[in-house]
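First comes the structure, then the notes that go with it.
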Protein chains: 2
Amino acid sequence: MPTISDVAARAGVSTATVSRALNGKATVDPALAARVQQAATELGYQPNGPARNLRRQEAAVVALIISDVENPFFTAIARGVEDVAHEVGYSVVLCNSDESAEKENRYIDIAIQERVAGVILSPSGPAAGVAKLAARGTAYVAVDRPLPDYASDVVLVDTRLAAAQATAHLVAQGYQRIGCLSGPTGVRTADDRVAGYRDALRAAKHRARLVRRTEYKAAGAHLAALDLLSQPQPPDALLVANNAMAVGVLQALQELGRRPGRDVGVVAFDDAPWAELLDPPLTVVAQPAYEIGTEAARLLLARIADNTRPPTVTTLGARLIERASSHRSKDRT
Amino acid sequence: MPTISDVAARAGVSTATVSRALNGKATVDPALAARVQQAATELGYQPNGPARNLRRQEAAVVALIISDVENPFFTAIARGVEDVAHEVGYSVVLCNSDESAEKENRYIDIAIQERVAGVILSPSGPAAGVAKLAARGTAYVAVDRPLPDYASDVVLVDTRLAAAQATAHLVAQGYQRIGCLSGPTGVRTADDRVAGYRDALRAAKHRARLVRRTEYKAAGAHLAALDLLSQPQPPDALLVANNAMAVGVLQALQELGRRPGRDVGVVAFDDAPWAELLDPPLTVVAQPAYEIGTEAARLLLARIADNTRPPTVTTLGARLIERASSHRSKDRT
DNA sequence: ATGAAAGCGCTAACAC
DNA sequence: GTGTTAGCGCTTTCAT
């Protein structure tokens with residue numbers, strides 16, 4: 001494996017000049033720079049990253065710790081982060097915390113050890129590891145959920161409002177007993193979606209409060225939906241707090257022979273390519289995932305450049321996409 | 001940020017002893033080891049990764065370069081890789097090449113620069129960058145697609161056979177004009193799926209060969225399906241080569257008012273949670289993605305340990321899951 | 001069993 | 001504009 005000295009020898013210059021030339025410093029003679037470039041190419045020289053990072057005390061890498069790689073919402077965020085980071089020469093490493101605080105902490109430790117320039121994370125719970133980042137002055141930005149105990153840059157969706165609007169939509173469609181299936185208590189987005197749901201029912205003077213909380217997974221939502229729908233007075237519509245849960249709910253409906261829209265109105269968070277393919281197509285609350293990623297990356301870069309700037313909270317809006325699964329009247333014959 | 005010297009000073013020992021103690025070498029006095037541990041904890045010491053990697057000439061990291069983070073097939077592979085790698089103390093960094101040879105090469109360069117222990121990749125095309133890995137003796141394993149010009153460990157699915165079985169299933173259901181929508185020419189999995197399709201039609205003495213090739217994306221498949229279905233003699237069944245394409249095809253069917261199963265039989269590669277929710281549910285060829293990941297990781301670890309072992313080709317089977325989208329007779333009334 | 005010291009490859013003062 | 005050189009923090013001989 002050739003080193004910078006090999007390149008220097010070959011080009012007949014010092015290692016310092018090689019370093020300067022390869023890093024595009026303006027202070028080097030164009031002729032020499034060209035000779036260096038050529039020598040490097042001929043040798044197939046690849047700079048030694050660890051050596052460079054050791055010397056610079058920082059790697060041009062940002063870590064992105066998300067709670068579920070298999071959730072399209074988070075992968076869309078990842079693409080947004082990548083696109084912005086790559087533009088300015090940073091690499092992105094994706095880490096999957098799997099909604100486990102332990103894995104999350106482990107990845108934070110690794111990020112610190114590798115001296116990454118910054119961390120973007122969707123915190124699963126208290127995120128104790130963040131204290132270490134703060135203590136070391138490593139830049140970090142939270143996405144999707146705020147960090148309970150730390151003032152930090154954070155990019156959120158106004159999910160309470162979005163939930164309220166979705167619920168109001170169900171009310172407007174004439175559904176009478178609207179239920180809500182949301183994620184774990186304590187997870188901010190899950191709590192907010194329930195709060196928005198209640199806001200809308202209160203405003204509409206509806207009495208029923210049919211809430212079930214489970215993991216943000218299909219399996220839990222499936223059971224909870226079966227439970228809710230087999231009550232003496234079952235809901236005639238459901239607000240479902242994420243995409244994975246929607247799968248579980250729709251399965252339950254299928255098993256019970258209830259048709260979305262006509263029998264039970266359904267609105268779910270997060271749009272997906274398959275939502276339109278269902279019969280009837282699924283009404284969703286589309287979150288601007290890609291934009292969350294780009295915005296988070298921009299905030300992170302700003303904080304890497306200047307860690308003294310005051311923390312910012314960016315709140316993006318969501319968009320209700322009405323499809324037939326929540327169109328009670330139309331689908332009634 | 002405390003260094004190993006700070007820990008050494010605090011524990012009253014040399015840096016060598018700290019290093020040995022923290023790396024669990026047997027040759028240190030238990031009492032000293034405990035003192036070192038405590039000093040490290042008190043200081044919140046985190047080893048400097050770049051320094052360690054520089055010294056060791058290798059990082060305990062494997063890079064996983066996949067062609068589409070948003071494709072559930074690849075994220076399932078990622079989970080498999082992670083689970084095996086973490087067991088033995090390796091970290092996994094996920095890189096998204098986006099089916100672009102250029103990004104793939106860029107990530108390979110980064111992997112080399114960072115001196116990762118090994119690389120797992122799903123090659124997009126010729127994968128010129130792999131030559132550099134080979135030249136440097138960095139371990140690598142291909143998944144899903146073989147590397148055309150390099151003998152290497154590779155984990156594949158017998159996708160030609162799977163395509164043939166899926167096509168034979170459509171034949172058995174009584175479909176007469178079976179079409180095929182596959183990925184780009186030159187991408188091995190896409191070619192194999194077409195080959196398997198032809199195998200089955202030949203065996204069944206069918207004459208029609210209705211093949212369209214597009215990107216492995218919904219948009220391309222959508223157009224191709226519209227084209228195919230508006231031919232004078234349109235197909236009465238379709239074999240679709242991946243999940244994303246299936247979305248495009250089903251959209252096209254919807255727009256044309258053709259119902260899967262009854263009007264046009266459909267089988268698609270890759271199972272997805274939503275496949276059962278469609279009406280009718282989608283028949284799929286389920287690939288063992290998670291197992292591809294675990295197997296690839298195991299092969300990579302073996303090769304990191306011993307780069308002289310002969311290259312292995314591991315071929316896993318796929319499983320046809322019959323649902324109503326390919327049940328012509330049953331769905332006919 | 002422990003310590004002293006060399007050196008991994010690079011960058012950035014500093015000197016010229 | 002270019003070269004010399006120190007040193008980033010760690011692991012690992014080599015002594016003892």
Side-chain angles (χ1 to χ4, degrees), chain A residues 1-37 39-40 43-61 89 109-110 112-117 136-138, chain B residues 1-37 39-40 43-61 89 109-110 112-117 136-138:
Chain A
M1 203 92 115
T3 72
I4 199 170
S5 314
D6 300 324
V7 179
R10 177 151 203 149
V13 298
S14 74
T15 60
T17 300
V18 174
S19 173
R20 287 190 274 252
L22 263 27
N23 289 295
K25 298 259 187 278
T27 68
V28 30
D29 186 282
L32 272 196
R35 237 162 69 207
V36 169
Q37 274 297 353
L43 292 170
Y45 170 70
Q46 296 268 23
N48 183 311
R52 165 182 287 178
N53 298 337
L54 172 58
R55 180 60 230 233
R56 291 198 178 149
Q57 299 281 45
E58 181 165 293
V61 169
D109 279 347
I110 292 176
I112 292 172
Q113 289 176 12
E114 297 303 325
R115 286 3 184 211
V116 302
R136 290 192 158 63
T138 301
Chain B
M1 202 95 112
T3 72
I4 200 172
S5 313
D6 300 326
V7 179
R10 178 149 207 163
V13 297
S14 74
T15 60
T17 300
V18 174
S19 173
R20 287 190 272 253
L22 261 28
N23 288 295
K25 299 259 187 279
T27 68
V28 325
D29 187 280
L32 271 197
R35 238 163 66 208
V36 168
Q37 274 299 354
L43 291 170
Y45 171 70
Q46 296 267 25
N48 183 310
R52 163 181 288 177
N53 298 337
L54 172 59
R55 180 58 227 235
R56 291 199 179 149
Q57 300 282 48
E58 182 167 292
V61 169
D109 279 348
I110 293 176
I112 292 172
Q113 288 175 15
E114 296 302 326
R115 286 3 183 211
V116 302
R136 290 194 157 61
T138 301

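Since the model is a prediction, treat every value here as computed from it, not as a measurement. Residue numbering restarts at 1 for every chain, and letters A, B, ... go by the order of the sequence lines.
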Mind running side chain to side chain contact (heavy atoms under 4.5 Å, CB included) on A:R20 and A:V13 for me, showing each step along the way?
-> CA-CA 11 Å; A:R20 287 190 274 252; A:V13 298; over 6 Å; no
Inter-residue atom distance A:I4.CD1 - A:L43.CG, 0.5 Å rounding | 12.0 Å
Specify the residues of residues 43-52 of chain B, ordered by number, for which at least one heavy atom lies under 4.0 angstrom from an atom of DNA chain D.
-> B:Y45, B:P47, B:N48, B:A51, B:R52
Mind checking side chain to side chain donor-acceptor pair (under 3.5 Å) for B:Q113 and listing every partner two or more places apart, or none if nothing turns up?
-> A:Q46
Side chain to side chain contact (heavy atoms under 4.5 Å, CB included) filter on B:N53, not counting sequence neighbours, yields A:P50, A:E114, B:A59
By side chain to side chain donor-acceptor pair (under 3.5 Å) - contacts of B:T17 (at least two apart) | B:S14
Which residue lies more 5' along DNA chain C, comparing B:V13 with A:L54 via nearest heavy atoms = B:V13
Mind listing the closest non-hydrogen atom pair of B:A51 and A:L54 along with its distance?
-> CB-CD1, 3.7 Å
Which ones in residues 2-12 of chain B lie close to DNA chain D, meaning a heavy atom under 4.0 Å from one of its atoms?
-> B:T3, B:I4
Name the residue closer to the 5' end of DNA chain C, choosing between B:R115 and B:R55 according to the nucleotide with the nearest heavy atom.
-> B:R55
Determine whether B:N48 and B:T3 make a side-chain contact, defined as any pair of heavy atoms from C-beta on separated by less than 4.5 Å.
-> no
Start and end of chain A contact along DNA chain D [non-hydrogen atoms, under 4.0 Å] | D:dG1 to D:dG9
Can you list the residues that meet the side chain to side chain donor-acceptor pair (under 3.5 Å) rule with B:R136, with sequence neighbours excluded?
-> none
Would you write out the dot-bracket form of DNA chain C, 5' to 3', with Watson-Crick and G-U pairs under 3.5 Å, [ ] for crossing pairs, | for pairs to other strands and . for unpaired bases?
-> ||||||||||||||||
Do you know the tightest heavy-atom contact between B:A33 and B:V28?
-> CB-CG2, 3.6 Å
With sequence neighbours left out, what residues match B:R10 under side chain to side chain donor-acceptor pair (under 3.5 Å)?
-> B:E42
Note: B:P2 and B:G44 closest approach over all heavy atoms is CG-O, 4.1 Å
Given side chain to side chain contact (heavy atoms under 4.5 Å, CB included), test B:V116 with B:E58 step by step and report yes or no.
-> CA-CA 6 Å; B:V116 302; B:E58 182 167 292; over 6 Å; no
Footprint ends on DNA chain C, 5' to 3', for atoms under 4.0 angstrom from a heavy atom of chain A, come out as C:dG9 to C:dA13
B:D29: partners by salt bridge (Lys or Arg N to Asp or Glu O under 4.0 Å), with sequence neighbours left out | none
Please work out which residues in residues 21-31 of chain A have a non-hydrogen atom less than 4.0 Å from an atom of DNA chain D and list them by number.
-> A:T27, A:V28, A:D29
For B:A8 and B:V18, the nearest pair of non-hydrogen atoms, with its separation, is CA-CG2, 3.5 Å
The reported gap from CG in B:N23 to CZ in B:R52 (rounded to nearest 0.5 angstrom) is 5.0 Å
Atom CZ in A:R115, atom CE in B:M1: separation rounded to 0.5 Å?
-> 3.5 Å
